[in-house]
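Taking it in order: structure first as structure tokens, then the write-up.
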Amino acid sequence: MSQLHQVALTFVKNVGPAHAKLLISYLGGAEKIFTVSKAKMLKIPGIGEKTVSQLNLTEALSLAEKELDYVAKNNIDVIFYTDSRYPKRLKNCVDSPVLLYAKGNADFNNVHVVSIVGTRNATEYGKHLCRQLVEELQQYNVLVVSGLALGIDVTAHKECIKQNLPTVGVLGHGLDRLYPGQNRSTAEKMMSNGALLSEYPSGTIPDRENFPQRNRIVAGIADATVVIEAGVKGGALITAEIANSYNRDVFAYPGRVGDDYSEGCNFLIRNNKAQLLTCAADLAYSLGWEKPGESNKPQSPEQFMLPFDLSSEEQTIFNILNQTKSPVAIDDLTIKTNLSTSTLAMNLLNMEMQGYIKSLPGKVYCIS
């Protein structure tokens with residue numbers, strides 16, 4: 001597809017991401033939208049007379065020409081949603097942008113991607129948690145995404161730079177500016193092992209309504225979103241809610257009762273909207289991550305020796321899991337052990353607390 005028409009599509013009035021993808025799927029390409037007859041376009045489900053009558057196709061092409069001239073002069077990458085470089089996790093979100101502008105050097109399809117968000121008014125304790133988390137993530141080959149805002153966001157980006165961990169800042173404006181300006185030095189350092197990313201063309205100012213839109217990219221681009229400190233209102237909780245709507249994992253650090261910037265995290269945990277997090281190992285365990293090279297290590301014979309301090313019921317469970325190469329669902333364990341659900345759950349919890357087994361998403365279990 002013509003890159004000119006791909007960019008022009010984002011300048012067409014009343015055609016958002018959903019309509020744009022619909023038009024492309026029916027017509028076969030972005031350029032067809034600019035040449036097809038009005039009658040044919042009206043036959044597409046969801047496209048009405050009002051939308052067609054307000055199409056500013058000539059103006060959109062003119063704006064796209066100017067934008068392509070700008071990106072070429074400023075070494076900005078244009079990534080359409082059909083491009084293999086487009087973030088595959090984000091592509092699975094129904095409202096994902098059809099086009100992204102990127103500047104820097106980042107693989108948006110890294111093996112592991114985590115978004116870190118939080119309040120702009122971060123406490124020293126929150127910043128400490130953030131730095132500690134990023135430092136611990138270094139061993140898991142992770143791309144860290146945030147919003148390059150003050151507080152938790154910029155703390156995460158700075159620690160990534162220190163740990164030589166790739167990091168991406170998602171912006172709520174065009175790449176011809178940076179908001180807030182005091183983060184410019186950090187942004188410039190990020191681009192050697194990371195990137196700045198935006199769905200907005202040059203000239204777009206950081207309007208308030210852009211940031212909730214930006215947050216859907218932060219949530220959708222990652223395997224999981226971590227909330228470190230947040231009030232009950234604000235962008236961090238919006239991002240967490242969006243991540244939940246995408247069926248992505250959300251984690252939050254618990255905070256002291258009564259602290260303003262712990263209320264949001266405690267709310268998420270209390271309402272089962274986030275898993276409680278204390279360190280990167282919690283995150284890796286829940287997501288089933290292994291450290292690079294870990295899966296290739298030969299398992300020592302001790303791993304398969306039956307522990308001596310298990311009850312007879314626990315030994316039965318251990319034997320079943322030990323003999324099965326793949327994780328076993330709790331329903332299958334109920335049948336194989338002939339234990340009641342409550343008794344099985346109690347034994348599984350005890351074995352997990354002792355470190356003999358681990359639970360994986362979907363209520364499945366395997367040997368640790």
Side-chain angles (χ1 to χ4, degrees), residues 89 92 111-114 129 132-133 136-142 222-227 240 243-255 265-368:
R89 297 167 178 86
N92 291 329
V111 61
H112 301 314
V113 183
V114 170
L129 290 177
Q132 184 179 60
L133 175 64
E136 293 172 353
L137 286 174
Q138 202 272 341
Q139 61 191 315
Y140 292 103
N141 186 19
V142 177
D223 299 304
T225 294
V226 175
V227 185
N244 274 309
S245 75
Y246 292 156
N247 292 317
R248 303 295 167 83
D249 288 283
V250 178
F251 299 85
Y253 281 94
C265 292
N266 292 343
F267 168 83
L268 291 171
I269 296 167
R270 183 173 65 249
N271 291 280
N272 297 314
K273 294 176 179 289
Q275 300 178 53
L276 187 148
L277 187 68
T278 63
C279 61
D282 294 346
L283 183 74
Y285 180 85
S286 293
L287 296 174
W289 290 356
E290 293 176 329
K291 299 173 186 176
E294 196 171 55
S295 59
N296 296 322
K297 293 180 181 178
Q299 293 175 315
S300 62
E302 289 75 15
Q303 286 181 288
F304 297 96
M305 293 178 63
L306 184 66
F308 293 102
D309 56 347
L310 295 180
S311 68
S312 60
E313 291 176 344
E314 291 169 346
Q315 287 177 356
T316 300
I317 296 168
F318 188 92
N319 282 333
I320 293 169
L321 295 177
N322 193 22
Q323 293 165 9
T324 308
K325 293 182 179 180
S326 57
V328 181
I330 191 169
D331 291 340
D332 292 334
L333 283 173
T334 303
I335 296 170
K336 291 178 180 180
T337 61
N338 199 30
L339 296 173
S340 68
T341 303
S342 58
T343 301
L344 177 62
M346 180 181 65
N347 283 304
L348 289 171
L349 178 60
N350 186 46
M351 293 172 71
E352 187 175 1
M353 294 293 287
Q354 293 181 72
Y356 292 125
I357 65 172
K358 63 180 180 180
S359 61
L360 301 174
K363 292 187 177 180
V364 295
Y365 294 84
C366 65
I367 298 295
S368 292

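Note that this is a predicted model, so its numbers are computed, not measured.
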N/O donor-acceptor pair under 3.5 Å between Asn266 side chain and Gly255 backbone: yes
Any donor-acceptor N/O pair, Asp249 side chain to Ala224 backbone, under 3.5 Å: no
Minimum-distance pair of heavy atoms, taken over all atoms of Ala240 and Val227: CB-CG2, 4.1 Å
Straight-line distance of Ile320 CD1 to Asp332 CG, nearest 0.5 Å: 10.0 Å
Under 3.5 Å donor-acceptor, Asp223 side chain and Val113 backbone: yes
Heavy atoms of other groups near Asn338 CG, more than 12 under 6.0 Å: no
Exam field: side chain Arg248 to backbone Ala222, donor-acceptor pair closer than 3.5 Å: yes
Sole candidate of Thr334, Asn347, Leu333, Thr316 that passes side-chain contact (heavy atoms from CB on, under 4.5 Å) when paired with Leu339: Asn347
side-chain contact (heavy atoms from CB on, under 4.5 Å), paired with Ile357, selected from Asn322, Leu348, Asn350: Leu348
Flag side-chain contact, heavy atom, 4.5 Å: Thr337 against Glu313: no
Point-to-point distance, once rounded to the nearest 0.5 Å, from CG of Leu277 to CG of Leu129: 9.0 Å
Gap between atom CG of Leu349 and atom CE of Met346 - 0.5 Å precision: 9.5 Å
